[in-house]
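So you know, we letter chains A, B, ... as the sequences are listed, proteins then strands, and number each from 1. Just the heavy atoms: all of them, side chains too, but no hydrogens, waters or symmetry mates, feed the values below. Predicted model only: the values in this text are computed from it and were never measured.
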Amino acid sequence: MQKNLVIVESPAKAKTIEKFLGEDYKVLSSYGHIRDLKKKDFSIDVEKGFEPTYEIPSDKKKLVGELKAAAKNADMVWLASDEDREGEAISWHLYEVLELDPKRTKRIVFHEITKTAILKAIETPRDINVNLVNAQQARRILDRIVGFELSPILWKKVKPALSAGRVQSVAVRLIVEREREVHAFVSEPSYRVTAIFEAPDADGNKTEVRAELDRRFKTKEEAQAFLELCKDAEFSIEDITTRPVKKSPAAPFTTSTLQQEAARKLGFTVAQTMMVAQRLYESGQITYMRTDSVNLSDLALAACKSTVISLMGERYVKTRQFATKTKGAQEAHEAIRPTDMSNETIAGTSQEQRLYELIWKRTVASQMAEAELEKTTATISISNSEETFVAIGEVVIFDGYLRVYKESYDDDNEQEDESRLLPPLSKGQSLESKEISATQRFSMCPPRYTEASLVRKLEELGIGRPSTYAPTISTVQQRGYVVKGNSEGVKRPYEILKLKGNKITETVKTETTGNEKSKLLPTDVGIVVNDFLMAFFPEIMDYNFTASVEKEFDEVAEGEKEWTSVMKNFYDGFHPLVDKTMNAKSEHKVGERILGNDPVSGKPVSVKIGRFGPVIQIGIADDEEKPKFAHLPKGLSIETITLEEALDSFKLPKTLGEYEDKTVTVGVGRFGPYVRHNNVFVSIPKGEDPMEVTLEKAIEMINAKREAAEKKIIKTFDKEPDLQILNGRYGPYIAYQKKNYKIPESVEPKDLNLETCFKVIELQKEKSETRKRVAAKKKK
DNA sequence: CAGTGAGCGAGCTTCCGCTTGACTT
């Protein structure tokens, strides 16, 4: 008979705790929730007070059996799931499913994995908090109602297999609205004036002082007039002030801030960060990676302190605890930190090493002294103008935490480096102007969301949890609401007026603007679904919806409200809207736009979301003659497409003429525009308009492809028609039974015979297999 | 990585949060 059984949520945690507790304790893990609403059914009986039907998912049955057996054999079962709403519910489900004896069951909690914390928890057990469990049930059931009542409306009204939910639909809304802001944005030009002055430095040598005018000019004329003035102006220091500035380190990592910094500093996707962090956690190198807490244990604080002292000295230490600002944070765990601060680096893959070092630095820096800077501001007056130039110099007096870690910002490339040193200057001193220029600048539109900046925004709104940020981003992409894409920038000219000596010169340069990589863009389906939900379910789509229901869940947790009355209140408002929307008949399909009439047939031309995505349609379904359909051309949206653009899509495929007695046609296929001749497809190069391709041009392309094909075949064998030596994009290779094998550089491809070919194939096969094996080993 | 060039026709799809492996690519 085992004396004590402790059940926690995570197996890695179980392993650590077992070490602390000694041999009287066996520690097992529940691997998260063991029971949930049925996967396929609605599973909520609204009539019977929202009674849920729970089930143990099939992949959890074996585990539950094992836990049950272990519980039977123990004198005392300690339910040690996390100290938050979900954790409390896990304990309650365990209690019910394992049919635990109340006399031999205790509930304990700890939010840091240290020996003292755990021993203390064992000494102060409590009962399961039913109110907290009910708050979780309310949360779960509300999410199921929203998801399972809204999604079928979308299947009927928009497209099958779509989904809506409290979290995902708001995430899509953010992206749709940002895209509209970007499109509505009109950039305003202005002229920014900068000057380079000269002043003697400490040794009497001339050094540059860079300064910026305190205002920008709206028009070129104003800028020009100002430069004219500067021709005969004298410049002198009007005022000079120096003040100390302190900078404090950022708090240790939570899931959200780790995802943001790993994206900015290491270029990781949100999912990548979580995968690498999971491995670090499982190998015991960092604390739990799904957390909303910035708290560090006393043990960790002490470890940081001694690390800082030993590496940098007493002066760099400043122990501090951060407070969570996040809405709805539950703080069941510590912040994300190394488990052993003395490991500055670790062994592992390069990704693991880089993420670990990021976590190590952030943690250490959070326990270091402020950086002390001295900021000098010099205002420079102009003898014949009211304007002033401002020169800023910054000197680091004491680097403090900056020695270890500097937080990044999304717009880092926009920030100019201000940390310049100014030469000694005194009030009244006159300066020589070397060059003054007015550069045309344009106001910037708000940036589109990246994965990481979307997570930050969701967290700010209190929507979603650390465990769901990454899955939410993947869901909205899987449903086809959002794509990750690059928006190509456009080239824009800008003017520079420069005053040097006594001459003003004017030059025009070009810059690329709006070039954004790997940003989240809404699709047509995303836009239509969002507008539909916004029109019919504004409450759910409200950015404050989650925050307001969370407040009610908190009241349930505090025992101030019944969870069923919270549910009833919500459902009575929500469900009638569902019925009404589902049964509403409308003239047009959701998201449909009528563009006008087809000049040839006179029939209406419309765009909408079809069964397989956005389509253009000429005519209507009830007509005797079936309507004509075409897919929306790439890069166009049903929101903005014009009648002309829509009609263009029906002009292809078109016949150009005859070549070698076979017709030549142009069309647009899955992989872009093509020329077709004798069932051979030739891709039309990027950037060329298929509508502009003439017969001559098409024949040229066909012949060019033939030539390339001839060059492609280096050698064939009569005995083995399956095997060919070919010339590809990446050099010569052997094609054999649908697979390709690289030919080593040391071999002349023409000299290969069948036997040697097979040798090459064998060699390549072996190579790829050992590579696979190595990769598999690394995983473990 | 090495080439590709469609067009449904029944029945199913779906939520959020807690946790890892066992599967393919």
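Between Arg85(A) and the phosphate of dG17(B), there is no side-chain N or O to OP1/OP2 separation shorter than 4.0 Å. A close approach under 4.0 Å does occur between a side-chain nitrogen or oxygen of Gln278(A) and OP1 or OP2 of dT20(B). OP1 or OP2 of dC15(B) lies within a sub-4.0 Å distance of a side-chain N or O belonging to Ser163(A). For dC15(B), the OP1/OP2 oxygens have a side-chain nitrogen or oxygen of Arg479(A) closer than 4.0 Å. Checking the phosphate oxygens (OP1, OP2) of dC15(B), no side-chain nitrogen or oxygen of Arg140(A) falls inside 4.0 Å. Contact annotation: Ser10(A) does not reach the phosphate of dT19(B) (side-chain N/O to OP1 or OP2, under 4.0 Å). At dG17(B), none of the side-chain N or O atoms of Tyr469(A) fall inside 4.0 Å of OP1 or OP2 (strictly under the cut-off). Taking side-chain N and O atoms only, Ser467(A) has a distance below 4.0 Å to OP1 or OP2 of dC18(B).
dG9(B) and dT4(B) have their P atoms separated by 25 Å, given to the nearest Å. For the C1' atoms, the distance linking dA6(B) with dA2(B) amounts to 24 Å, nearest Å. The gap from the P atom of dG11(B) to that of dG7(B) amounts to 23 Å, rounded to the nearest Å. Comparing the same atom, P, in dG21(B) and in dT25(B) gives a spacing of 23 Å after rounding to whole Å.
Within 4.0 Å (heavy atoms only), Gly32(A) reaches at least one base atom of the nucleic acid. Among the atoms of the strands shown, base atoms are found under 4.0 Å from some heavy atom of Arg139(A). No engagement by Phe42(A) is indicated, since no non-hydrogen atom pair under 4.0 Å with the nucleic acid exists. Using a 4.0 Å heavy-atom criterion, one finds that Gln136(A) contacts no nucleic acid atom at all. No contact: Ser30(A) has no heavy atom under 4.0 Å from any strand. Within the 4.0 angstrom heavy-atom criterion, only backbone atoms of the sugar-phosphate kind lie near Val167(A); the bases stay farther away. Nucleic acid contact class of Gly87(A) (heavy atoms, under 4.0 Å, all strands): none. In this structure, Asp59(A) reaches neither bases nor backbone, as no heavy-atom distance under 4.0 Å exists between it and the strands shown. Within 4.0 Å (heavy atoms only), Pro11(A) reaches sugar-phosphate atoms of the nucleic acid but no base atom. Contacts of Ala12(A) with the nucleic acid, taken as non-hydrogen atoms under 4.0 Å apart, are absent.
The nearest whole Å value for the distance from the NZ atom in Lys60(A) to the C1' atom in dG21(B) is 11 Å. What separates CG of Asp36(A) from C1' of dT19(B) is a distance of 12 Å, to the nearest Å. Rounding to whole angstrom units, CG of residue Asp143(A) and P of dC16(B) are separated by 6 Å. Per the geometry, CD1 belonging to Ile34(A) stands 12 Å off C1' belonging to dC18(B), to the nearest Å. For the pair His677(A) NE2 and dG5(B) C1', the interatomic distance rounds to 17 Å; values are reported in whole Å. For the pair Glu9(A) CD and dG21(B) P, the interatomic distance rounds to 15 Å; values are reported in whole Å. If you measure from atom CZ of Phe50(A) to atom C1' of dC15(B), you get 16 Å, rounded to the nearest angstrom. Rounded to whole Å, the distance from CG on Leu162(A) to C1' on dC15(B) is 14 Å.
Side chain Arg290(A) to base dC18(B): no donor-acceptor pair is found below 3.5 Å.
Salt-bridge formation is detected for the pair Glu550(A)/Arg85(A): a Lys NZ or Arg NE/NH1/NH2 atom is positioned less than 4.0 Å from an Asp or Glu carboxylate oxygen. Contact check on Glu460(A) versus Lys457(A) returns a salt bridge, with a Lys/Arg side-chain nitrogen under 4.0 Å from an Asp/Glu carboxylate oxygen. Under the 4.0 Å criterion applied to side-chain N and carboxylate O atoms, Lys39(A) and Glu55(A) are not assigned as salt-bridge partners.
How far CZ of Arg290(A) is from CE of Met274(A): 5.5 Å, rounded to the nearest 0.5 Å. In this structure, NZ in Lys62(A) is found 15.0 Å from CD1 in Ile56(A), a value given to the nearest 0.5 Å.
Annotation: cation-pi pair Arg144(A)/Phe148(A) present, NZ/CZ under 6.0 Å from the ring centroid and within 45° of its normal.
Per the stacking criterion (ring centres < 5.5 Å, plane angle < 30°), Trp155(A) stacks onto the base of dT13(B). Stacking is found between Phe148(A) and the pyrimidine-like six-membered ring of the dT14(B) base under the 5.5 Å centre-distance and 30° plane-angle cut-offs.
Remark on DNA chain B: of its neighbouring residues Glu149(A) and Gln330(A), the 5'-side contact belongs to Glu149(A), judged by nearest-heavy-atom nucleotide. Annotation: of the two residues near DNA chain B, Pro152(A) and Ile90(A), the 5′-most nearest-nucleotide partner is Pro152(A).
Remark: aromatic rings of Phe537(A) and Phe574(A) are close, center separation under 6.0 Å.
Considering Glu451(A), Gln259(A), Lys484(A) in turn, Glu451(A) is the only one that fulfils the side chain to side chain contact (heavy atoms under 4.5 Å, CB included) rule with Ile473(A).
Of the listed nucleotides (dT20(B), dG17(B), dT14(B)), dG17(B) has the atom at the smallest distance from the side chain of Arg465(A).
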